[in-house]
Amino acid sequence: MTDFTMETGADGVAIITWDTQGKSMNVMNQQGFIDLDALIDKALADDAIKGVILTSGKEGSFAGGMDLNIIARMKESAGDNPAQGLMDGLMQCHNILRKIERAGMDPKTNKGGKPIAAALPGTALGIGLEIPLACHRIFAADNPKAKIGLPEIMVGIFPGMGGTTRLVRKMGAMAASPLLLEGKLNDPKKAKQAGVVDEVVPADQLIEKAREWVLSEPNIVKPWDEKGYKMPGGAPYHPAGFMTFVGASAMVHGKTQGAFPAAKALLSAVYEGALVPFDTAIKIEARWFTNVLMNPSSSAMIRSLFINKEALEKGANRPDVADETVRKVGVMGAGMMGAGIALVSAQAGMEVVLIDQKQEAADRGKSYTADYMDKGIKRGKATEAKKDEVLGRITATTDYAALKGCDLIIEAVFEDPAVKAEVTKAVDAVTDDNCIFATNTSTLPITELAKASKNAENFIGIHFFSPVEKMMLVEIIKGRETGPRAVAKALDYVRQIRKTPIVVNDARFFYCNRCIIPYINEGIRMVAEGVAPALIDNAARQLGFPVGPLQLVDETSIDLGAKIARATRAAMGDDYPDAAVDEVIFWMEGEGRLGRKTAKGFFDYDDKGKRQGYWSGLEEKYPRAEDQPDLITVQHRLMFAQVLEAVRALEEGVLEDIREGDVGAILAWGFAPWSGGPFSWLDILGTPYAADRCDELAEAFGPRFATPALLREMADKGQSFYGRFAGEKAAA
């Protein structure tokens, strides 16, 4: 069955309707291109057809993007030359869109041709916007929930089906840059203001308005096909355009530090394409898109941030139990974490009971939601009615009896086992046996905390990241006795609040903190060795990390690091590996330099909390080494410190799915997104090289870099992580 159908009215207007079978939103697949091409040919050849409207059969949306399996098939089509297969396949798609754009016009005179309008009922993303950009006019329904844009850069590619070239020629490089380089999405009205769509009309008049335009005998020649066309804002050789491209290059390199190949390729395609006629620019775009698609970074990012992330959000690892949708949730503790949990739960439509020891504290926790909604109202993202609705779902109280009827409790009290045990017992006394109890903790073992519960099978860990409303990952931790219904409840809850879950088994620091801490510690070790702090942090940023390890510990607070170090040393005894790190941390703590919160840490801060540079006392205490290490050595120390913990977590069964290891790393602490995550990075390097490099690092810097047995075995066999552990379910 085809995804595209065409009906022609008595007035001569043909309506091509896109309706992907079995999908809630249209997705372009290989057959879809073939079918669309055939219908366009038919419409252009039929003298009875005066024009075409391209629309969607899906309510509230036009299209959500492309089936990325198309890319794999393009690569396979050319056998031993996948790059040629990609280039040929891309040009076939470009030719179809160019056919829509030219619409039968005489190539020399631009006379003739049939108007083709795009009528968007709602969301139009990726290829779902690139096709309309090839049409002669874009009508969008006035649907405030719709999102219109080109988000490809967020998953390691760029708009390579003409979207890059057409948007820049339509809007100019400066105006197009937020949409292309940041993947910015707009609602229809803002998309019109930006110049992306041409008209916004009432939803019930969408087709009629498009029909009126088609029958009005409009001029359909695109500006770039007219003689004398000049790019808005100036071409690169124009003085104004020259400054635009200089600024864009500086902006891209400033934001990406050269770590994200897609951004650089996009800018190159725009710059080079702006120097030549449109049809040549399309070929340039296709060549740069092929270049990106052949880069292993692109495949890794697509796999982790699109395919695997979506699979986890849809419950790839959910136990096979009945629906566990949460209707009433109790939140214990109204501090910043508890207040954030209450906010996202109420936004998701749940009834929330927010409890603290004192009523004023509970009220303060509820006011966090009020303040958040007020900010949304100022930005036009919310209304007073919506604020009242969300606040109406939250009951702030000290009375545990209000928890009656809750099907999920989330405890977010002080990180102390005794305090948590007391709350657990008090909650158990007023809730029924079916209620699931989740403890929010970043370090405390779930199995031990579950001993305070009357039913360890219903006890689970949920590790939120702060601030809750902004961070997209939630780490779910199974204790030794946690049952499948508790896991399902936690996963269903995370789905309701529209975040991405990973599920791990109980162990010290679970998965995320287990990998973050070595990253921070390796940076601190280098300080003690006399490595320049700027070299350490900038090496991390050039790997794509949002902040370097020294800046990160300042943001999270040095005294927290000291507290964790003491607790870990007490638990591990003689096996404790980080004494060299503690020397620096405990000294900083003793100096009262606790990080940003005290305006004194590895950095100095001004009165407004802005960083002023690294604290000079660091160099006095730990003199700068005369011979500084090379950049790659510093970067490998920072990277391998993390990825080896990820491998050990997999080896020990803390991680059960490498997809969760990769997605969790990127979303939790910003692990080099271009790499696709720790396991994807090791696959890019190749396990034989990774094992050899570990041997070198272990010899130079110590046993923390020793090659794990699993990695050694895989290196000897020439295996990759996704080849061995993921199988078809996580293959890109």
Side-chain angles (χ1 to χ4, degrees), residues 156 181-182 247-264 267 297 301 515-558 561 580-581 584-585 588 593 595-596 599-606 609-643 665-666 668-675 677-678 681 684-685 693 697 700-701 705:
L181 290 167
E182 299 173 22
S249 180
M251 181 187 77
V252 167
H253 284 86
K255 287 190 173 184
T256 69
Q257 296 290 307
F260 295 82
K264 184 177 180 180
L267 192 61
S297 167
M301 284 189 77
C515 297
I516 297 170
I517 291 171
Y519 170 63
I520 292 172
N521 285 352
E522 201 61 32
I524 295 172
R525 283 177 192 274
M526 285 190 261
V527 169
E529 295 168 13
V531 178
L535 172 56
I536 298 166
D537 276 347
N538 286 333
R541 291 181 64 241
Q542 288 179 27
L543 283 167
F545 288 88
V547 294
L550 305 182
Q551 184 181 340
L552 180 58
V553 77
D554 258 21
E555 299 289 344
T556 56
S557 86
I558 288 167
V581 178
V584 180
I585 285 290
M588 295 279 286
R593 301 194 69 88
R596 179 185 285 277
K600 294 186 296 182
F602 283 98
F603 291 86
D604 286 322
Y605 298 84
D606 63 17
K610 185 177 180 180
R611 288 188 305 278
Q612 298 297 295
Y614 293 96
W615 176 43
S616 59
L618 273 179
E619 191 170 353
E620 295 173 9
K621 177 71 174 179
Y622 301 103
R624 193 76 50 85
E626 187 172 332
D627 293 325
Q628 291 290 302
D630 63 85
L631 176 66
I632 299 300
T633 297
V634 174
Q635 290 182 326
H636 277 186
R637 288 180 67 175
L638 294 173
M639 287 289 270
F640 276 101
Q642 301 169 75
V643 300
I666 295 172
W669 72 94
F671 180 93
W674 61 267
S675 72
W681 185 67
I684 289 172
L685 290 183
R693 186 61 175 139
L697 292 170
F701 302 108
F705 291 109

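In this chain, numbering begins with 1 at the start of the sequence shown.
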Separation of [Y] [atom2] from [X] [atom1] (nearest 0.5 Å):
X: Gln642; Y: Phe671; atom1: CD; atom2: CZ; result: 5.5 Å
X: Arg593; Y: Met588; atom1: CZ; atom2: CE; result: 6.0 Å
X: Gln542; Y: Ile632; atom1: CD; atom2: CD1; result: 9.0 Å
X: Ile536; Y: Glu522; atom1: CD1; atom2: CD; result: 9.5 Å

Run the side-chain contact (heavy atoms from CB on, under 4.5 Å) test against [X] and tell me which residues pass, sequence neighbours left out.
X: Ala540; result: Tyr519, Phe545, Pro549, Leu638
X: Ile666; result: Ser304, Leu305, Pro673
X: Ser297; result: Pro261, Asn295, Met301, Trp674
X: Ala700; result: none

Does a side-chain heavy-atom distance below 4.5 Å link Val634 with Met526?
-> yes
How about Val584 and Arg525: do any of their side-chain heavy atoms sit closer than 4.5 Å?
-> no
Going by side-chain hydrogen bond (donor to acceptor under 3.5 Å, both in side chains), name the residues that satisfy it together with [X], two or more places apart in sequence or in a different chain.
X: Thr556; value: none
X: Gln551; value: none
X: Trp615; value: none
X: Arg624; value: Glu619

Closest non-hydrogen atom pair, [X] against [Y]:
X: Pro546; Y: Gly670; result: CD-O, 3.4 Å
X: Ala539; Y: Leu631; result: CB-CD1, 3.6 Å
X: Ala672; Y: Leu543; result: CB-O, 3.3 Å

If only atom types and distance count, is the side chain of Asp604 paired as donor or acceptor with the main-chain N or O of Gln612 below 3.5 Å?
-> no
Could you walk me through whether Leu535 and Gln628 pass side chain to side chain contact (heavy atoms under 4.5 Å, CB included), step by step?
-> CA-CA 9 Å; Leu535 172 56; Gln628 291 290 302; 4.0 Å; yes
Selection residues 616-639 - residue pairs positive for ring-ring contact (aromatic ring centres under 6.0 Å, His included), sequence neighbours left out = Trp587-Tyr622, His636-Phe640
Which residue pairs pass the salt bridge (charged side-chain N to carboxylate O under 4.0 Å, His left out) test when at least one of the two sits in residues 529-548, sequence neighbours left out?
-> Glu529-Arg637
Kindly write out the residues that satisfy ring pair (Phe, Tyr, Trp, His ring centres under 6.0 Å) with Tyr605, not counting sequence neighbours, or none if the list is empty.
-> none
